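Here the structure is a predicted model, which is why all the values come from computation and not from measurement. For the single chain, residues carry numbers from 1 onward in sequence order.
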Amino acid sequence: MNEPHPSTDITGTLSQTLSGKRIILALCGSVAVTKSADLARLLMRHGAEVIPVMSRAATELIRPELIHWATGRLPITTLTGAVEHVHYAGNTSTKADLLLIAPATADTIGKIACGIDDTPVTTFATTALGDGIPLLIVPAMHEPMFRHPAVEENIERLRRWGVTVMTPRIEEGKAKIPTDNAILEKVAALLSGTRQERFLEGEHILVTTGRTVEYLDSVRVLSNNSSGKMGAAVAGEALKAGARVTIIAGKVSCRLPEKADIIECETSDEMAAAVSEALRTTRFDRIIAAAAVGDWKPEIRFEGKIPTHGQKMITVNLVPTEKILDKMRAAAPESQITAFRALPEPDDKSRYEDAVRRMERADADFIAVNDVSAPGCGFETDTNRLLIIDKNGRITDTGFVSKNRAAEILLRRLSDQ
């Protein structure tokens, strides 16, 4: 059938970072291949077209049908008269932008380093190397194999040829494959190439994210439902665009980008102190205040744990927390400041009016506002819809998109100012 495979409907749903890029994903006979379907679909969700190639050893660990489902393409498991290796990795107009071998075994690494072609994966590698297509190898094996002098020499030889070889995670006596997100970041970096795509090159950006907690006693806290995902997405997209990123994070329910400088805190007072110190010691080109800082804290923090046995009621007096956003302009007069505002207002007009007042009070340059009561928006979701408002009242509506895509739209709007 000629119709698009249903699995391709996920393409670009998280971002357009790899849009228009054709990636050959070559799979070898490491047990890490059991996770390759997830990696393939992550690359697709960020816009890539994935061409799967499997060695015979890989097909003995997972069935080609799984990779067919994951990518929407029949994996290449043997070379035929169609000369697939030339079509996708040779000097043709149909060649791919990158050959990604993940996982790569010690056997495959050695064969590539010695120019041996006895599997579809190694033949693709020889062809790609000969035509200058970028090659990214992601080893996965037992640690003693990875430490073998011949394997180390083979990796160094490949690196001298210009091949990028990622460093595995050494855990439990194994050289484990890096996380899918780490591989994605490396792929994006290798394919970014142009100045336009790295539009934040040379900038230093401060992002606050996560929720603060205010202790009622030694174990109980007042807080909110913010997961930190929006701020993490902003930080991740800024890193992809070439920026150095510092994150001041409260409590989060997500993974923060590994390449960012991360400062952790809990309470609003701790976050205020961390922001103040960062702005005192460092000049940031942009500050993006995405943290959900609590507005109230107990006037008195009880020592120990308040007993519940025999208690029918306790009274707690709340006092306002420090407004971190309102002190940023004085501390960073030359920085571009973007505020975030989460509102359950009934319509866009009400959200707009409230957001503009908040932006003016903080003397911010932009404010990004969303409706936390709308399905799929705001706290603890992977999607969002932001209204991005500047000082002149102009609005950019991201529409209902993934938080990564919303972050990308936001950063491009900020950089256009």
Side-chain angles (χ1 to χ4, degrees), residues 23-43 50 52-64 66-67 70 75-78 85 89 98-130 133-190 255-259:
I23 298 172
I24 303 165
L25 177 59
L27 312 179
C28 302
S30 162
V31 72
V33 78
T34 57
K35 301 179 180 179
S36 293
D38 291 337
L39 173 60
R41 291 176 71 77
L42 180 64
L43 296 171
V50 175
V53 179
M54 300 179 71
S55 70
R56 179 177 177 180
T59 66
E60 292 174 349
L61 291 172
I62 61 171
R63 291 180 61 83
L66 174 63
I67 301 303
I76 298 166
T77 58
T78 187
H85 57 298
L98 176 74
L99 171 58
L100 168 62
I101 305 179
T105 59
D107 180 68
T108 294
I109 290 170
K111 288 175 178 177
I112 295 171
C114 295
I116 298 172
D117 297 339
D118 62 354
T119 72
V121 172
T122 54
T123 302
F124 264 80
T126 295
T127 312
L129 278 168
I133 293 174
L135 178 54
L136 173 59
I137 292 178
V138 188
M141 63 197 74
H142 277 78
E143 184 180 4
M145 298 176 68
F146 183 68
R147 301 299 186 198
H148 190 287
V151 174
E152 293 179 339
E153 288 181 10
N154 288 332
I155 289 174
E156 286 308 310
R157 188 178 193 185
L158 292 173
R159 284 173 171 161
R160 288 196 300 271
W161 291 351
V163 175
T164 301
V165 183
M166 292 188 71
T167 301
R169 297 177 294 135
I170 306 300
E171 297 176 0
E172 300 175 326
K174 300 174 183 65
K176 295 184 178 182
I177 194 167
T179 64
D180 288 350
N181 282 329
I183 297 172
L184 171 67
E185 287 182 10
K186 183 64 70 173
V187 167
L190 288 172
R255 183 186 294 274
L256 298 175
E258 297 172 2
K259 292 185 179 179

Enquirer: So Glu60 and Arg56, salt bridge (charged side-chain N to carboxylate O under 4.0 Å, His left out) or not? Walk me through it.
Expert: CA-CA 7 Å; Glu60 292 174 349; Arg56 179 177 177 180; 3.7 Å; yes

Enquirer: Between Arg157 and Glu153, does at least one N-O distance fall below 4.0 Å, as a salt bridge requires?
Expert: no

Enquirer: Just do the side chain to side chain contact (heavy atoms under 4.5 Å, CB included) check on Val138 and Lys186 with the steps written out, would you?
Expert: CA-CA 10 Å; Val138 188; Lys186 183 64 70 173; over 6 Å; no

Enquirer: Rounded to the nearest 0.5 Å, how far does CD of Glu171 lie from CD of Glu143?
Expert: 10.5 Å

Enquirer: So which heavy atom on Leu27 is nearest to which on Ala102, and how close?
Expert: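 Shortest heavy-atom contact: CD2-O, 3.2 Å.
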
Enquirer: Of all residues at least two apart in sequence or in a different chain, which pass the side chain to side chain donor-acceptor pair (under 3.5 Å) check with Thr119?
Expert: Thr122

Enquirer: With rounding to the nearest 0.5 angstrom, report the CG to CD1 distance, Leu158 to Ile112.
Expert: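 Between atom CG of Leu158 and atom CD1 of Ile112 there are 6.5 Å.
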
Enquirer: For residues Leu25 and Ser36, report the shortest heavy-atom separation together with the two atoms involved.
Expert: CD2-O, 4.2 Å

Enquirer: Tell me if the CZ atom of Arg159 is crowded by more than 12 foreign heavy atoms within 6.0 Å.
Expert: yes

Enquirer: Any salt bridge linking Lys35 with Asp180? Criterion: basic side-chain nitrogen under 4.0 Å from a carboxylate oxygen.
Expert: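 No, Lys35 and Asp180 are not salt-bridged.
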
Enquirer: Quick one: does any side-chain atom of Arg169 pair with a main-chain N or O of Lys176 as donor and acceptor, under 3.5 Å?
Expert: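 Checked: no pair found.
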
Enquirer: Please report the interatomic distance CZ(Arg255) to OG1(Thr179), rounded to the nearest 0.5 Å.
Expert: 5.5 Å

Enquirer: Quick one: list whatever passes side chain to side chain donor-acceptor pair (under 3.5 Å) with Thr126, sequence neighbours left out.
Expert: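 Partners of Thr126 by the side chain to side chain donor-acceptor pair (under 3.5 Å) criterion, ordered by chain and then number, come out as Asp117.
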
Enquirer: Tell me every residue that passes side chain to side chain donor-acceptor pair (under 3.5 Å) with Thr108, counting only those two or more places apart in sequence or in another chain.
Expert: Thr105

Enquirer: Just how far is it from atom CG of Leu135 to atom CG of Leu129, taken to the nearest 0.5 Å?
Expert: 5.0 Å

Enquirer: Going by heavy atoms in the side chains, are Ile133 and Thr127 under 4.5 Å from each other?
Expert: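 A side-chain contact under 4.5 Å is absent here.
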
Enquirer: Quick one: closest heavy-atom pair of Pro178 and Ile183, and the distance?
Expert: O-CD1, 3.8 Å

Enquirer: Taking all non-hydrogen atoms of both residues into account, name the closest pair between Leu61 and Ser30 and its distance.
Expert: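 That closest heavy-atom pairing would be CD1-O, 3.4 Å.
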
Enquirer: For residues Ala125 and Leu99, report the shortest heavy-atom separation together with the two atoms involved.
Expert: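 Shortest heavy-atom contact: CA-CD2, 3.5 Å.
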
Enquirer: For side chain to side chain contact (heavy atoms under 4.5 Å, CB included), just list the numbers for Phe124 and Ile76, CA-CA rounded to whole Å, side-chain angles, deciding distance to a tenth of an Å, and then say yes or no.
Expert: CA-CA 11 Å; Phe124 264 80; Ile76 298 166; 3.9 Å; yes

Enquirer: How far apart are the closest heavy atoms of Ile177 and Ala32, and which atoms are they?
Expert: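 For Ile177 and Ala32, the tightest heavy-atom pair comes out as CG2-CB, 4.0 Å.
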
Enquirer: When you measure from the side chain of His148 to the backbone N and O of Ala150, does any donor-acceptor pair fall under 3.5 Å?
Expert: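 Indeed, once roles are kept as given, a pair shorter than 3.5 Å links the two residues.
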
Enquirer: To the nearest 0.5 angstrom, please state how far the CD1 atom of Ile24 sits from the NE2 atom of His85.
Expert: 11.5 Å

Enquirer: For the CG atom of Asp118 and the OG1 atom of Thr123, what is their distance to the nearest 0.5 Å?
Expert: 7.5 Å

Enquirer: In this structure, are over 12 heavy atoms from other groups packed under 6.0 Å from Lys174 atom NZ?
Expert: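 Result for NZ/Lys174: enclosed.
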
